[in-house]
Amino acid sequence: MKLTLTVSPDFSPEKLAGWHIFNTWLQRKLDVDCHLEMFGSFAEQRAAIAADKIDLIYANPYDAAMLVREKGFVAVSHPMGLPDEAVVAVAASSTSHSVEDLKPGVKVASSGDPDVSMMGMILLEPADLNAGNVTTETCDSYVLVAKQLMTGTADVGIFPARAYDGLSSMVRASLRPLVRSEISVIRHMLLACPNAAALVTPLQAALTEMATNEKDVAILRDLGFAGWEASSQEDVEFMIDLMNTLTS
């Protein structure tokens, strides 16, 4: 069986080499032929998914909902202790010190990461802000989102919490976080297509054992993970239901 693995385009560029090493590890561990295919945008990746060209995917929560409900993908594993959270921030010089200080018409910058943008817009609801009364700007990276705030080109920025915390101290000193989500159960997941369902059990076992092997720990470190935890189908269904509730 020849497989194609892909990763949500919102991964950090410095993790690219780590995913290639992970793919080599996966092939050796499961004795399968697996090609790692990276896409430059969510649209390109979704086109490949629609054409049934993807067998394994490290998916963001937003796409996980579509993959499970529409394409029949099944849950495999998720990174240990790495829920997806969002930070809404402004420039340090901004007159806004809380979400409620923001007014309709503000310009909101993000990278277009769908689940983070969703959580960010939910965090803006106390100011009665929504897609209909704000202007949105999509940037190619979260560093550029920060730059938009620092130069006054945008009023508000939506960041993944890990990306915000990973900004340099100098950049963070130029910003002011207004609010951070604490949802805890929305996360990226590794999913398998129906044709690869037979690999789920051995892959779960191999992934959850990585943190106990010194060489495998180095691979995890390159991905920014402490380890993998097995995901149940109930886990992903609960996450999807929660996201639907939050956006309804």
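Keep in mind that the numbers below use all heavy atoms, side chains included, and drop hydrogens, waters and symmetry copies.
- At most 12 heavy atoms of other shown residues, nucleotides or ligands fall within 6.0 angstrom of atom CD in Glu182.
- Although no hydrogens or angles enter the test, the distance criterion places a donor-acceptor pair under 3.5 Å between the side chain of Ser94 and the main chain of Ser96.
- Ring geometry, Tyr58 versus Phe225: the interplanar angle falls from 30° to 60°, so the pair is classed tilted.
- A donor-acceptor pair is defined here as one N or O able to donate and one able to accept, closer than 3.5 Å; such a pair exists between the side chain of Ser174 and the backbone of Met170.
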Run Arg176 and Asp101 through salt bridge (charged side-chain N to carboxylate O under 4.0 Å, His left out) and show every step you take. CA-CA 13 Å; Arg176 180 191 306 127; Asp101 291 335; over 6 Å; no

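- A donor-acceptor distance shorter than 3.5 angstrom exists from the side chain of Asn130 to the backbone of Asn133, with no hydrogens or angles considered.
- With hydrogens and angles ignored, the 3.5 Å screen pairs a side-chain donor or acceptor of Ser117 with a backbone N or O of Asp113.
- A salt bridge does not link Lys15 with Asp222: every distance from a Lys NZ or Arg NE/NH1/NH2 to an Asp or Glu carboxylate oxygen is 4.0 Å or more.
- With hydrogens and angles ignored, the 3.5 Å screen pairs a side-chain donor or acceptor of Asp235 with a backbone N or O of Ser232.
- No more than 12 heavy atoms of other residues, nucleotides or ligands lie within 6.0 Å of CG in Asp31, so this atom counts as exposed by the packing criterion.
- Between Lys71 and Asp52 there is a salt bridge, with a side-chain nitrogen of the basic residue lying less than 4.0 Å from a carboxylate oxygen of the acidic one.
- In terms of modelled atom types and a separation under 3.5 Å, the side chain of Glu137 and the main chain of Ser110 share no donor-acceptor contact.
- No side-chain donor-acceptor contact under 3.5 Å links Ser181 to the backbone of Glu85.
- Side chains of Ser8 and Asn60: a donor on one and an acceptor on the other come within 3.5 Å.
- In Lys107, the NZ atom is crowded: over 12 heavy atoms of neighbouring residues, nucleotides or ligands sit closer than 6.0 Å.
- Side chain of Glu70 to main chain of Met66: no donor-acceptor pair is present (N/O by atom type, distance under 3.5 Å, no hydrogens or angles).
- Checking side-chain atoms of Asp165 against main-chain N and O of Arg162 turns up no donor-acceptor pair under 3.5 Å.
- The one candidate from Arg187, His78, Gln204 that meets the side chain to side chain donor-acceptor pair (under 3.5 Å) condition with Glu229 is His78.
- A donor-acceptor pair is defined here as one N or O able to donate and one able to accept, closer than 3.5 Å; such a pair exists between the side chain of Gln45 and the backbone of Val7.
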Could you go through Arg69 and Glu237, starting from their C-alpha distance and side-chain angles, then the distance that decides it, and tell me whether this counts as salt bridge (charged side-chain N to carboxylate O under 4.0 Å, His left out)? CA-CA 9 Å; Arg69 295 284 168 87; Glu237 292 285 354; 2.6 Å; yes

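- Here Tyr142 pairs with nothing under the ring-ring contact (aromatic ring centres under 6.0 Å, His included) rule; sequence neighbours left out.
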